[in-house]
Structure formats: structure tokens, C-alpha cells
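Structure first, commentary second.
Atoms within a ligand are numbered from 1 in the order they appear, just like the ligands themselves. What you see below is based on every heavy atom in this structure, not just the backbone, and it leaves out hydrogens, waters and symmetry mates.
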Amino acid sequence: MESHDPEKASMLEIRHLAKSFAGLKAVDDVSFSLETGEILGLIGPNGSGKTTLINVVTGLLHADSGSVLVDGTELARKRPHVVARAGIARTFQTIRLFGELTVLENVEVGAVSQGMSRSRAVTIARDLLEEMGIAEWGSYLARELPFGHQRKLEIARALAMNPKFLLLDEPAAGLNEDESDLLLELLRDIPSRKRVGLLVVEHDMRLMMSLCARLHVLNYGKTIAEGTPAEVRANRDVVTAYLGSTA
Ligand SMILES: Nc1ncnc2c1ncn2[C@@H]1O[C@H](COP(=O)(O)OP(=O)(O)OP(=O)(O)O)[C@@H](O)[C@H]1O
Ligand SMILES: [Mg+2]
């Protein structure tokens with residue numbers, strides 16, 4: 001990953017992105033943009049295309065059409081390591097850690113994967129574990145970590161790649177309310193401290209309304225709304241498709 005200058009703003013632009021699976025339009029002409037320092041929420045019912053969108057943006061799946069641009073550089077249909085080098089990191093809906101490596105080593109891998117020296121990677125990894133509040137777990141195996149801490153570890157590993165943009169797929173899934181609140185406070189600080197742009201996918205509306213400046217709403221792969229949490233909560237289409245009477 002090219003070194004990320006925190007003073008310089010960057011822009012991630014998704015333009016007319018589309019991806020089908022055997023005729024099912026999982027992502028259907030979706031466009032939005034995200035700046036470094038910002039938090040954008042991506043919400044929508046189960047199966048509305050949120051994970052597919054992240055997979056297409058990060059190169060895990062090939063877009064059928066459309067663009068993914070970081071500061072004007074085309075990344076659609078590029079391989080995952082190319083996308084990572086261009087400054088886009090992610091976490092997974094189902095946690096993917098190196099279970100047999102230590103917690104510290106998991107974070108080091110993130111840094112080393114972007115060309116950092118081993119000694120620099122260790123320093124960065126220690127700092128990130130501290131920031132995520134799991135420093136005392138550094139020498140445990142990742143699989144020994146309590147579940148809630150595994151979610152934080154995955155975020156620490158992604159941040160070790162020094163990304164411009166971090167895409168989080170349901171970071172609070174499986175956490176209880178207290179753990180979610182703690183995670184919320186950790187996430188809230190990341191964009192301003194590291195000048196990273198966060199895209200957060202999450203079903204916990206309480207968390208999302210408090211965390212995100214803007215929300216982008218999908219339904220059956222299509223954008224049905226984008227706006228502030230207040231605007232989205234008041235949007236009839238969103239209430240019908242997703243929020244229902246619980247919002
Ligand atoms: N690899 C695949 N092959 C075929 N269909 C897929 C594949 N991945 C996803 N889909 C389908 O694409 C649609 C979008 O799925 P996706 O996982 O992106 O939704 P999501 O918004 O992330 O849902 P959730 O909130 O449940 O995580 C669904 O209909 C899903 O069944
Ligand atoms: Mg998903």
C-alpha cells in the first residue's frame with residue numbers, strides 16, 4: 001500500500017456498480033462516494049447486496065460493470081492485493097483470523113503485507129492493539145480470544161495496512177449491547193484520528209444512527225435512499241423495506 005499521507009484527503013467513488021449471480025442482480029447500478037475522515041453507513045435487509053458490494057469493491061468478486069475509483073484510479077476488476085495497495089482494507093462478516101498465530105502476529109501480518117519491515121510492523125501492531133484495548137492479549141493465539149475481542153483484532157489487522165478506506169462488514173454481529181457500545185466508541189474515533197474513510201455495514205440501527213453522518217440504503221441490490229440518519233428514518237421506502245415499525 002502506498003504510504004497514506006494523513007494530511008491529504010482522498011476520495012473513494014463507486015459508480016454504477018453492478019454484479020449478478022446467474023441472473024440475480026445482487027448489486028444493481030449502485031453509486032456513492034466516501035471521503036477520508038468520513039463515516040458512511042450501508043444498510044438494507046438481508047440479501048440486499050451489502051456484502052456483495054464490499055466483495056466487488058475489494059476485488060474478491062469481479063464487477064459486471066461500473067467503476068471503483070480511489071482518487072481517480074480505476075480499481076474495478078483488479079485483484080484483491082492491488083486494491084489493498086491502493087488503500088482499501090476490509091473486515092469480514094464471518095471473522096477471518098489466523099487462529100494459530102498470536103494476536104500480535106495477526107496484526108503484524110497486516111503491516112508486513114503492505115511492505116513494512118518486521119520491526120516496524122511489531123511497533124505498529126503493539127500500538128494498534130493498545131488502541132483497540134486488547135494489548136494484554138498480544139501473546140495469546142487468535143483462536144483463544146473472546147469473540148468480541150476477535151472483532152477488534154480484525155479491525156486492528158486491517159488498520160495495520162494503513163488504509164485510506166476501511167470497509168467493515170457487520171463489525172458488531174454477535175456482540176452484546178455493552179460490547180457494541182464499546183466498539184462504537186472505538187470506531188467513532190478512527191476517521192478523525194487516522195484520516196480513514198469508514199464504510200460500515202451493520203443491522204444495529206441504534207449503533208448506526210449514532211455513528212454515521214450519512215446512510216446509504218440498498219434493497220434488492222438497488223439504492224433506495226441516501227441521506228442523514230434523520231432523513232433516512234423518515235423515508236417511506238426505507239421504512240417499508242427495512243426499518244418497519246421498530247425504527
Ligand atoms: N456467491 C454467490 N452466489 C450466488 N448468489 C449469491 C452469492 N453471494 C450472494 N448471493 C446472493 O446475492 C444477494 C445479495 O447477497 P449479500 O450477501 O450481498 O446480501 P447482504 O446484504 O450482505 O445480506 P446480509 O444482511 O444477510 O448479510 C442474495 O440474494 C444472495 O443470496
Ligand atoms: Mg452480508
* Structure fact -> Tracing side-chain contacts under 4.5 Å among Ile, Leu, Val, Met, Phe, Trp and Tyr outward from F92 reaches L60
* N, O or S atoms of the protein lying under 2.8 Å from the Mg ion (ligand 2) -> T51 OG1, Q93 OE1
* To do: Check salt bridge (Lys or Arg N to Asp or Glu O under 4.0 Å) between K222 and all other residues, then give those that pass, not counting sequence neighbours.
  => D28
* **Under 3.5 Å: donor-acceptor pair, side chain of T36, backbone of S10** => yes
* Treat each ILVMFWY residue as a node, draw an edge where side-chain heavy atoms are under 4.5 Å apart, and state whether L186 and F147 are in one component. => yes
* Heavy-atom distance from atom 27 (O) of ligand 1 to the protein below 4.0 Å? -> yes
* Numbering the atoms of ligand 1 from 1, which are under 4.0 Å from a heavy atom of H203? -> 25 (O)
* Asked: Which is closest to atom 16 (P) of ligand 1 in terms of heavy atoms, T52, I43, N55, L42?
  -> T52
* Are V27 and Y220 co-members of a hydrophobic cluster defined by side-chain heavy atoms under 4.5 Å apart? -> no
* Look at atom 9 (C) of ligand 1 and say which protein heavy atom is nearest, naming residue and atom and giving the distance to 0.1 Å. => F21 CE1, 3.5 Å
* Contact between G44 and ligand 1, counting heavy atoms under 4.0 Å? -> no
* Hey, does G49 come in under 3.5 Å of ligand 1, counting only N/O atoms on both sides? -> yes
* **Contacts of type side chain to side chain contact (heavy atoms under 4.5 Å, CB included), residue L182, not counting sequence neighbours** => none
* Structure fact -> Within 4.0 Å of some non-hydrogen atom of Q93, the atoms of ligand 1 are 27 (O)
* To do: Apply the side-chain contact (heavy atoms from CB on, under 4.5 Å) test between M208 and each candidate in I43, V201, I39; give the one that qualifies.
  => I43
* Asked: Is the closest N or O pair between G47 and ligand 1 shorter than 3.5 Å?
  -> yes
* Asked: Which ligand 1 atoms, with their elements, are less than 4.0 angstrom from a heavy-atom of N46?
  -> 23 (O), 24 (P), 25 (O), 26 (O)
